[in-house]
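Report on one structure; see the data block that follows.
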Amino acid sequence: MASDLILVTGFPGFIGKRLVASLVEARPKARIACLVLPELENAARAAAAGIDKKRVDVITGDIATRGLALSKKDRERLVEEMTQVYHLAAIYDLAVPIEVAQRVNVDGTGNVLELCAAAKKLERLDYVSTAYVAGKRTGVIYEHELSLGQEHKNHYEATKFQAEVWVRQEARKIPTATYRPAIVVGDSKTGETQKFDGPYYLLRTIAKALDTHAPIMQFGSSGANFNAVPVDFIVDSLVAGGQDKKAIGGTFHLTDPEPVTAVQLLGLLAREYAGKEPGVKVPPKVVETLLRSRRMRDYYSGAPRESIRYLNHPQTFDTRQAGDMLGRNGVTCPRFADYVGAMVGFFREHEDDPAFMPAARV
């Protein structure tokens with residue numbers, strides 16, 4: 001009996017590389033094909049060799065191109081042999097220009113869907129969306145919901161929403177499970193991450209305050225949850241969901257069912273890094289205005305002003321479908337307070353390393 005062939009996009013990215021390593025371990029009879037951009041081929045091959053060079057193949061292409069820019073040989077192989085697809089590849093930058101986000105997040109997803117529709121042995125698509133397709137909606141967000149007339153805070157959210165609409169439409173023909181992660185941070189045990197962005201900008205503000213003997217600023221709302229989840233939880237959830245036939249047809253919030261508020265988040269980070277509480281409260285609009293200045297963004301390692309909105313937006317993600325699916329597979333989300341020490345420890349060890357700096361913005 002032929003072994004499964006699993007296609008993964010988004011390798012060798014932060015989540016993608018860990019997912020492939022976990023799939024190799026969890027699916028001993030499966031082969032993994034990783035679709036990567038030509039400019040990432042060398043890095044991808046090195047990463048694949050470090051996992052299992054006999055079972056992990058690297059094929060070059062581009063999800064943003066119709067037909068995925070695959071060679072004839074690679075396309076024929078995938079169409080004939082591919083049994084499962086994990087589609088992770090996307091532009092995750094909150095400040096991404098609309099044209100880039102549209103081409104990669106929306107057109108790219110459509111191009112992957114076309115390949116799925118042509119695959120002769122495809123059993124399922126496991127699609128990674130985002131919890132923030134909910135956009136500017138407030139209150140409780142349910143997993144079965146998608147299009148409720150919401151606006152979005154940035155082009156990232158808007159294009160991931162458009163892509164999920166497309167995925168839902170094609171799910172009538174392509175068996176699909178959809179996963180909506182919250183904000184992904186480092187490993188809950190080691191703290192390891194790839195870039196210090198997202199909530200790590202808060203650690204930058206704390207570090208700067210200590211360096212300049214200034215009070216630690218408190219910004220963010222006590223009424224707004226900040227939903228962060230560690231990368232190992234995301235990977236464990238994707239591996240479990242991808243082997244669960246009951247997950248097909250479902251949409252799952254891979255979010256913390258007991259999230260901290262934005263105020264609690266900053267307090268936990270400040271106590272862990274600086275050993276003291278935040279002091280001066282700064283209105284979020286003031287912070288957002290300051291971050292319009294390139295000088296201020298550079299001061300805080302390129303923090304985009306778009307990120308501040310996530311500290312003040314009152315959303316709660318219902319997780320009953322995810323809880324049921326993960327529960328029967330033995331996966332649980334760790335509490336932020338239980339891994340903040342690992343997160344801050346890794347940051348402290350690498351905070352001056354240029355390799356962890358986010359991409360520069362103009």
Side-chain angles (χ1 to χ4, degrees), residues 2-24 27 30-93 96-97 99-129 156 159-160 162-164 166-167 170 173-176 178-179 194 238 242 359:
S3 60
D4 291 334
L5 176 61
I6 304 172
L7 176 67
V8 176
T9 70
F11 185 86
F14 178 42
I15 299 174
K17 185 161 61 174
R18 285 171 165 263
L19 175 62
V20 169
S22 293
L23 286 172
V24 165
R27 306 277 292 274
R31 295 164 296 151
I32 318 294
C34 301
L35 177 62
V36 307
L37 289 166
E39 57 265 35
L40 296 178
E41 182 179 4
N42 290 339
R45 291 196 182 281
I51 297 170
D52 189 331
K53 62 182 179 182
K54 293 182 179 179
R55 292 174 53 206
V56 181
D57 299 329
V58 171
I59 56 177
T60 58
D62 184 355
I63 65 165
T65 301
R66 191 79 182 266
L68 304 177
L70 292 165
S71 69
K72 181 179 179 181
K73 179 181 178 182
D74 287 335
R75 178 176 174 80
E76 288 177 350
R77 179 194 177 202
L78 293 174
V79 168
E80 292 293 330
E81 302 179 26
M82 185 173 70
T83 55
Q84 184 174 4
V85 175
Y86 278 96
H87 179 38
L88 283 72
I91 297 289
Y92 293 94
D93 187 348
V96 62
E99 297 82 8
V100 177
Q102 196 84 35
R103 184 169 58 85
V104 177
N105 295 351
V106 186
D107 294 345
T109 297
N111 295 333
V112 170
L113 288 169
E114 286 186 342
L115 178 66
C116 289
K120 297 178 180 179
K121 297 181 180 179
L122 187 75
E123 297 173 1
R124 62 185 296 158
L125 164 66
D126 290 275
Y127 171 66
V128 179
S129 181
Y156 164 68
T159 53
K160 289 295 285 183
Q162 289 177 274
E164 190 175 326
W166 201 339
V167 169
E170 296 304 305
K173 297 177 289 185
I174 302 169
T176 302
T178 300
Y179 309 89
Q194 186 168 314
L238 293 177

* Asked: Between Y92 and I15, does a side chain to side chain contact (heavy atoms under 4.5 Å, CB included) hold up when you go through it step by step?
  -> CA-CA 12 Å; Y92 293 94; I15 299 174; 5.6 Å; no
* Asked: Going through the distances and angles, do L23 and V8 end up as a side chain to side chain contact (heavy atoms under 4.5 Å, CB included)?
  -> CA-CA 10 Å; L23 286 172; V8 176; 4.1 Å; yes
* To do: Kindly determine whether K160 and T109 satisfy side chain to side chain contact (heavy atoms under 4.5 Å, CB included), including the steps that lead there.
  => CA-CA 9 Å; K160 289 295 285 183; T109 297; 5.7 Å; no
* Can R75 and L78 be said to form a side chain to side chain contact (heavy atoms under 4.5 Å, CB included), step by step? -> CA-CA 5 Å; R75 178 176 174 80; L78 293 174; 5.9 Å; no
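Annotation: side chain of D4 is not in contact with side chain of Q84 (no heavy-atom distance under 4.5 Å). Between L70 and I59, some side-chain heavy-atom pair lies under the 4.5 Å cut-off. Counting only heavy atoms from C-beta outward, the side chains of L115 and L7 approach each other to under 4.5 Å. Contact annotation: the side chain of N111 approaches that of L68 to within less than 4.5 Å [non-hydrogen atoms, C-beta and beyond].
Closest non-hydrogen pair, L125 versus C116, comes out as CD1-SG, 4.2 Å. Across all their heavy atoms, G242 and R27 have their closest contact at O-NH1, 4.1 Å. The shortest non-hydrogen separation linking L113 to I174 is O-CD1, 3.6 Å. Here the closest heavy-atom approach between residue P175 and residue K173 is recorded as CD-O, 3.8 Å. Looking at every heavy atom in both residues, I63 comes nearest to A89 through CD1-CB, 3.7 Å.
The existence of a salt bridge linking E80 and K120 is confirmed by a sub-4.0 Å separation between a basic side-chain nitrogen and an acidic carboxylate oxygen.
Residue M82 holds its CE atom at 12.0 Å from CZ of R31, rounded to the nearest 0.5 Å. Distance check, rounded to the nearest 0.5 Å: CG of L88 to CZ of F11 gives 11.5 Å.
T83 contributes a side-chain N or O that, together with a main-chain N or O of L5, makes up a donor-acceptor pair within less than 3.5 Å. For D107 (side chain) and A64 (main-chain N/O), no donor-acceptor pair under 3.5 Å exists by modelled atom type. The backbone N or O of Y179 lies less than 3.5 Å from no partner atom in the side chain of S129, so there is not a single donor-acceptor pair.
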Quiz: residues 34-42 side-chain donor-acceptor pairs under 3.5 angstrom, not counting sequence neighbours:
| from | atom 1 | to | atom 2 | distance (Å) |
| --- | --- | --- | --- | --- |
| E41 | OE2 | R45 | NE | 2.9 |
| E41 | OE2 | R45 | NH2 | 3.0 |

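For residues 71-90, the ring pair (Phe, Tyr, Trp, His ring centres under 6.0 Å) pairs, not counting sequence neighbours, are H87-Y127.
Donor-acceptor pairing under 3.5 Å is lacking for the side chains of N105 and Q162.
By the side chain to side chain donor-acceptor pair (under 3.5 Å) test, D74 is found to be paired with S71, residues two or more places apart in sequence or in another chain being considered.
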